[in-house]
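Report on one structure; see the data block that follows.
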Amino acid sequence: MAILPIIEVPDPRLKTVSTRVEKFDDELKQLVEDMFETMYAAPGIGLAAIQVGVPKRVLVIDLQEPDPEAKAEDCGDEGCGHDHRPVINDPRIFINPEILDPSDEQSLYNEGCLSVPDQYAEVERPAQIRARWHDLDGKVHEEDMDGLMATCLQHEMDHLEGILFIDHLSRLKRQMVLKKLNKMRKAA
Ligand code: GNR
Ligand code: NI
C-alpha cells in the first residue's frame, strides 16, 4: 500500500486520454489499492488513475456519506461546527467505464477536484445515467445512477478524457478559479 502524489493543474499529464485496461492482473489490483489509500488520505470522494500519473481507464469512488441512522459524536470541542456523524463507506471500483443513455434532465453540483485544490464551482451534468464497467476480475456490471454518484462518476470519467471540471466553465470563470489557486499557492 502507498499514498501516491496527486498531480495538480497545470500539469499537462492531466490532459492525457487514458487507455483501456486489457489485463486484469495483480498490477491492476495494486494500483486500485494505492488509489483508495491516496483518495482517503486526501481526502476525496473519487480518484482517476491519471491523477496519480497512470494513464489507464481506472476509477475509484467512495461517497462517504454521513450515516442517517447514526447520532453525531461529540468531539469534545464545543461548537466546533463540524459534522461528526460517522460515514458509510462504500468503496467502488470502475474499470473501462461507459455511460449509457444520459438523461435530458440536468443537475447542478458545486464540484471540486483534488487536481484543482480548494476551488469549487457549479457544473451542470445529466442528472441520471446508466453506467457499464468492468470489475477487477474483468466481469461486466451495469447500474442506473443518480444524485452525487452520477455526478461523481461523470467527473471521474472526464479525467479519463483529459477533461477537468473547470473545462465546463466559461473562460472567464475558469481564469478566475486558476488565479485564485495561484494566489493561494503563493500565500502558502
Ligand atoms: O473529492 C472530490 N469531490 C467532488 C465533489 C463534487 C464533484 C466531484 C468530486 S470528485 C473530487 C475528487 C476528484 O478530484 N476526483 O477526480
Ligand atoms: Ni477530479
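Predicted model, so just to flag it, every value in this text is computed and none were measured. As the structure lists them, so they are numbered: ligands from 1, and atoms in each ligand from 1.
Where the criterion is an N or O separation shorter than 3.5 Å, residue side chain and backbone included, Q51 meets it with respect to ligand 1. Ligand 1 has no N or O atom lying under 3.5 Å from any N or O atom of P43, backbone or side chain. An N or O contact shorter than 3.5 Å is missing between L148 and ligand 1 by distance. Remark: ligand 1 and H155 share an N or O pair separated by less than 3.5 Å (distance only, no angle test). In terms of N/O distances under 3.5 Å, ligand 1 is approached by E156. Of the N or O atoms in C113, none lie within a sub-3.5 Å distance of an N or O in ligand 1. Taking distance alone, with nitrogen or oxygen atoms compared against 3.5 Å, H159 approaches ligand 1 more closely than that limit.
Annotation: the span from K56 atom NZ to I50 atom CD1 amounts to 11.5 Å, rounded to 0.5 Å.
Under the 30°/60° scheme for interplanar angles, the aromatic rings of W133 and H141 are found to lie parallel. Between H159 and H155, the ring planes are perpendicular. Angles over 60° get that label, and only those under 30° would be called parallel.
The nearest heavy-atom contact from the protein to atom 14 (O) of ligand 1 is L114 N, 2.8 Å. Looking only at heavy atoms of the protein, atom 11 (C) of ligand 1 is closest to G112 O, 3.6 Å. Protein heavy atom in closest approach to atom 7 (C) of ligand 1: E111 CG, 3.6 Å. Looking only at heavy atoms of the protein, atom 1 (O) of ligand 1 is closest to I45 N, 3.0 Å. Counting only heavy atoms of the protein, atom 13 (C) of ligand 1 lies nearest to G46 O, 3.4 Å.
Around the Ni ion (ligand 2), the protein atoms of type N, O or S found under 2.8 Å away are C113 SG, H155 NE2, H159 NE2, listed by chain and number.
A salt bridge is absent between R130 and D146: the closest approach of a Lys/Arg side-chain nitrogen to an acidic carboxylate oxygen does not fall below 4.0 angstrom.
Proximity of Y109 to ligand 1, defined as any heavy-atom pair under 4.0 Å, is confined to the side chain (atoms from C-beta onward).
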